[in-house]
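Working notes for the structure below.
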Amino acid sequence: MAKESKIRTPIVCVMGHVDHGKTSLLDRIRGSSVVSTEAGAITQHIGATLVPIDAIVRMSGALSKVNVNVPGLLFIDTPGHHAFTTLRARGGALADMAIVVVDINEGFRPQTIEALQILRNYRTPFVIAANKIDRIHGWRVNEGQPFLKTFAQQNERVQGMLETKVYELVGKLSELGFNSERFDRVSDFARNICIVPISALTGEGVPDILMVLIGLAQRYMTESLRVSADGPGAGTVLEVKEERGLGMTLDVILYDGTLKVGDEIVVAGNDQIIETKVRSLLQPRPMKEILIEERFERVKSITAAAGIKVAAPKLEGVIAGSPLRVIRGGNRDEVVEQVRHEIQDIQVNLSDIGVIIRADTIGALEALSKELEGHQIQVMRAAVGPVTRHDVIEAGTIKDPLYSAIIAFNTPVLPDAIDMLADASMSHVSIFEGGVIYQLIDDYVEWREEKKQ
Ligand code: GDP
Ligand code: MG
């Protein structure tokens, strides 16, 4: 008999500049669960929120006449591109789709651009949430309504203002090489990025953004979402946490197959591969049972896509971003090899001569290196962790002084590295530190141009 296959829930990350409304949008999506308490309501997972398709259909009303076979959407609860790059699956991004939140009144800011560049490099489909439309002067709030409904109730001046602001975004996106349109004017999702005007605060446009995501998944990724429902589980470790009464636990996003109590699993530690056995699987308790002493509910098994807490022995030292794989049947060696490979498989093309790059996680390092590659900047060495004295010495001895540089993304410079940098013999070396990739690259390029003169 053929193995049962199914379309799993697509995984969605929320990205964008600080204060543009990422957390508010996630809260809004989660909050709808409190309102819609009937069957099919939104459920809380570990590290994620699941919005089943019937909840989406109910929220979006008449918008939802399309025939859907995607079971819903799983939103990663930690917003930001850091979560996006940490969450890896098979060497790529774990998230199937993303929402880039932009404050419509402020327009693009550095982290907006960075998010777009990361998404382009990973070829991840996304939609733009043009947020805070309720702040447009004279806006009449229609709580929770689909965009076109509330738009029709605004006066001409307000409508004109919104159109202007949307076209400013279209212009900015075009400068970055993306074709985009307001979502209701897009007929080909493959060629145009949808811009959905929303308010995370009033919920206006939120039904539309959910429908656009479903549409994207439905049309362009159903085959890649097909998983074998009862196959061995595969996931990514989101966080490693000690829990009272449970010891060390892993918060895992499962993207393929099934994970069961008693399963033997393989995860990656800092310097070794760890094999262990699942002792318990835990989910958050539903809201209404909040008074019960135990914070978690035990489940026997879980199927992708889902967020789950895993308790097991020997979890000390597991790293965030590590793959998690289930051993089933006689494939132990193969699974161990897969995990080892995934963790080493930092997709950085190294050259004999180039800059040294550092970042705080594997995913961040990969995101940085992809962007450098796009700028034809060669990399000689790439590593996770803070900048060391050894990095400075190595940068100092490189033959081409235009590459005597260290680029440190989201990671500190150790004191003895700073001391070394102050040494007269290292006066030609520079370290570029920061939390926004393209600014780091701009700074490096500017430094290089000055050196050339
Ligand atoms: P984040 O940094 O991207 O997660 O942004 P937050 O969700 O924390 O939002 C930053 C601020 O903007 C908060 O004060 C929110 O209340 C406010 N905010 C977010 N979305 C909206 C919106 O749609 N309308 C209005 N008026 N304020 C919003
Ligand atoms: Mg936030």
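Read the numbers this way: they start at 1 and go in the same order the structure lists the ligands and their atoms.
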Just by modelled atom types, is the Ile118 backbone N or O under 3.5 Å from a matching donor or acceptor in the Asn121 side chain?
no
Option among Asp134, Thr202, Asn142 that satisfies the side chain to side chain donor-acceptor pair (under 3.5 Å) test with Thr150
Asn142
Ignoring hydrogens and angles, state whether a donor on the side chain of Thr249 or Lys309 is under 3.5 Å from an acceptor on the partner side chain.
yes
Per-ligand residue contacts, ligand 1, heavy-atom threshold under 4.0 Å
His17, Val18, Asp19, His20, Gly21, Lys22, Thr23, Ser24, Asn131, Lys132, Asp134, Arg135, Ser199, Ala200, Leu201
Return the set of protein N, O or S atoms whose distance to the Mg ion (ligand 2) is under 2.8 Å, each given as residue and atom.
Thr23 OG1
Would you tell me whether Gln439 and Tyr444 have side-chain atoms, one donor and one acceptor, within less than 3.5 Å of each other?
no
Decide yes or no on salt bridge (Lys or Arg N to Asp or Glu O under 4.0 Å) for Arg28 and Glu143, but give the supporting numbers first.
CA-CA 12 Å; Arg28 181 78 205 185; Glu143 186 81 21; 3.1 Å; yes
For the residue pair Tyr220 and Phe189, does the interplanar ring angle fall in the parallel (under 30°), tilted (30 to 60°) or perpendicular (over 60°) class?
tilted
Are there more than 12 heavy atoms of other residues, nucleotides or ligands under 6.0 Å from atom CD of Glu156?
no
Got a donor-acceptor contact below 3.5 angstrom from the Lys132 side chain to the Asp103 backbone?
no
Testing Thr303, Asp96, Asp256 one by one against Arg8 for a side chain to side chain donor-acceptor pair (under 3.5 Å), which residue passes?
Asp96
